[in-house]
Amino acid sequence: MAQAAAVLQPESHNENMSIGLDGDYRKDMAESLTEILAGTYGMIIKNHVFHWNVVGPLFKPLHELTEEHYQALFEAADIIAERIRALGHLAPESLKAIADFAPDAKSVKHMTAESMVKDLIRDHEKCVGDMRKAAGKAGEASDLVTEDMLTARLTFHEKALWMLRATVAD
Ligand SMILES: [Fe+2]
């Protein structure tokens, strides 16, 4: 018997998915998580660029910290994308959507190690703000799994912020 081909489409209607989270909520949260995923990918790339190009007395600590962070962020990207799928929506799949992950074009030629750290601090703070807002929405909707995932992500970003601040403290 011929098997029907699987069709990739979002399961946004409640009748297709009964997990106690309504379709409007799942759609809204999938959009929030897609933005969070974009921020996470942007930081993976930026941490790599700084890992390669940092110079000066902070070279070793920043070279090592950025490596630790891009590896952790890469694992996180998979977890975030898979949560979007579990909520019934598609993980970003178009080239256009993936191109949006790239950070703003910027030259690192004249960046000092301190300015790289400050740049990373700004990105982590933006992620923390977006995640806290999404975690609040997840909590209100009793979406414990998304809330738990975002709590774990917030723990990582807040620790990263502490380490980055400590690296450039006077
Ligand atoms: Fe490396």
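Just so you know, these numbers come straight off a predicted model, no measurement behind them.
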Does one hydrophobic cluster hold both L164 and V55, with members joined at side-chain heavy-atom distances below 4.5 Å?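 No, it is not one cluster - the side chains of L164 and V55 are not joined through contacts under 4.5 Å.
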
Please determine whether residues L87 and V145 belong to a single hydrophobic cluster, defined as Ile, Leu, Val, Met, Phe, Trp and Tyr linked transitively by side-chain heavy-atom distances below 4.5 Å. no

How far does [atom1] of [X] sit from [atom2] of [Y], to the nearest 0.5 angstrom?
X    : Y    : atom1 : atom2 : answer
L120 : C127 : CG    : SG    : 11.0 Å
M149 : I36  : CE    : CD1   : 6.5 Å
I44  : Y70  : CD1   : OH    : 11.0 Å
F74  : T40  : CZ    : OG1   : 12.5 Å
M29  : T146 : CE    : OG1   : 6.0 Å
F50  : M43  : CZ    : CE    : 9.5 Å

Enclosure of E31 CD (heavy-atom neighbours >12, cutoff 6.0 Å): yes

Between E64 and K60, is the salt bridge (Lys or Arg N to Asp or Glu O under 4.0 Å) condition met? List the steps. CA-CA 6 Å; E64 289 174 359; K60 193 157 168 52; 2.4 Å; yes

Taking the side chain from [X] and the backbone from [Y], do they hold a donor-acceptor pair closer than 3.5 Å?
X    : Y    : answer
N53  : V49  : yes
R153 : A76  : no
S115 : M111 : no
R85  : H89  : yes
D28  : D24  : no

Heavy-atom pair of closest approach, residues [X] and [Y]:
X    : Y    : result
E147 : A135 : CG-O, 3.9 Å
A77  : L37  : O-CD1, 3.3 Å
V54  : A113 : CG2-CB, 3.7 Å
A72  : F156 : CB-CE1, 3.6 Å

D143 and its side-chain contact (heavy atoms from CB on, under 4.5 Å) partner, picked from L150, D148, L21: L21

D130 and K126 ion-paired at < 4.0 Å: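 Judged by the 4.0 Å cut-off on N to carboxylate O distance, D130 and K126 do form a salt bridge.
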
Quick one: do R165 and E125 make a salt bridge, cutoff under 4.0 Å? yes

Reference residue H63; test ring pair (Phe, Tyr, Trp, His ring centres under 6.0 Å); the match among H48, H69, H51: H51

Going by heavy atoms in the side chains, are L58 and V168 under 4.5 Å from each other?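 With C-beta onward as the side chain, the pair touches.
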
Evaluate the side-chain proximity of R26 to I84: yes if any heavy-atom separation is below 4.5 Å, no if none is.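 With C-beta onward as the side chain, the pair stays apart.
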
